[in-house]
Amino acid sequence: MISETIAIAGSVFIATSLIAKLHQRRQDVLHGPYIEGRDVRHPFKPYTDWLVQAVSSSDLRQHFARLGWKVRDVSYFASVIC
């Protein structure tokens with residue numbers, strides 16, 4: 001039981017760290033979509049559009065906000081580590 005908890009917490013921590021790094025790189029002036037002539041298409045654009053449409057048409061926005069509020073400390077800790 002403890003090993004599964006550690007594995008889940010570790011995978012959440014790693015996923016949060018990777019997402020934070022990806023977001024930082026995307027917002028960076030040297031690697032982001034700010035360079036003239038750079039293709040600004042995102043490879044996951046169809047999936048994110050579908051997800052935004054699904055969330056906006058359902059009651060998931062409130063649930064995501066509540067979940068985000070509960071796990072905000074994990075993302076802060078992961079960002080500090082990176």
Side-chain angles (χ1 to χ4, degrees):
M1 181 67 180
I2 292 176
S3 62
E4 290 92 7
T5 305
I6 292 172
I8 290 172
S11 61
V12 167
F13 178 75
I14 290 171
T16 306
S17 300
L18 291 175
I19 290 170
K21 279 297 208 187
L22 180 67
H23 179 69
Q24 288 174 357
R25 184 174 174 92
R26 181 133 176 93
Q27 296 301 323
D28 189 10
V29 176
L30 297 176
H31 297 98
Y34 310 107
I35 298 175
E36 184 178 345
R38 179 163 288 199
D39 189 11
V40 293
R41 285 182 288 147
H42 194 272
F44 301 111
K45 181 82 171 140
Y47 304 113
T48 56
D49 289 342
W50 176 80
L51 184 62
V52 166
Q53 183 181 5
V55 168
S56 65
S57 67
S58 68
D59 199 25
L60 289 175
R61 185 175 300 274
Q62 293 174 350
H63 297 297
F64 282 149
R66 225 175 294 137
L67 179 66
W69 184 256
K70 289 180 182 179
V71 298
R72 70 188 183 279
D73 296 330
V74 174
S75 64
Y76 293 153
F77 183 68
S79 295
V80 168
I81 295 295
C82 290

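If you read the sequence from its start, that first residue is 1, and numbering goes on from there.
Taking a 4.5 Å side-chain heavy-atom cut-off between Ile, Leu, Val, Met, Phe, Trp and Tyr, the cluster of Val52 contains only that residue. Through direct or indirect side-chain contacts shorter than 4.5 Å among Ile, Leu, Val, Met, Phe, Trp and Tyr, Ile19 is connected to no other residue.
Atom CD1 of residue Ile8 and atom OG of residue Ser3 lie 9.5 Å apart, to the nearest 0.5 angstrom.
Under the side-chain contact (heavy atoms from CB on, under 4.5 Å) criterion, Gln53 pairs with no residue, sequence neighbours left out.
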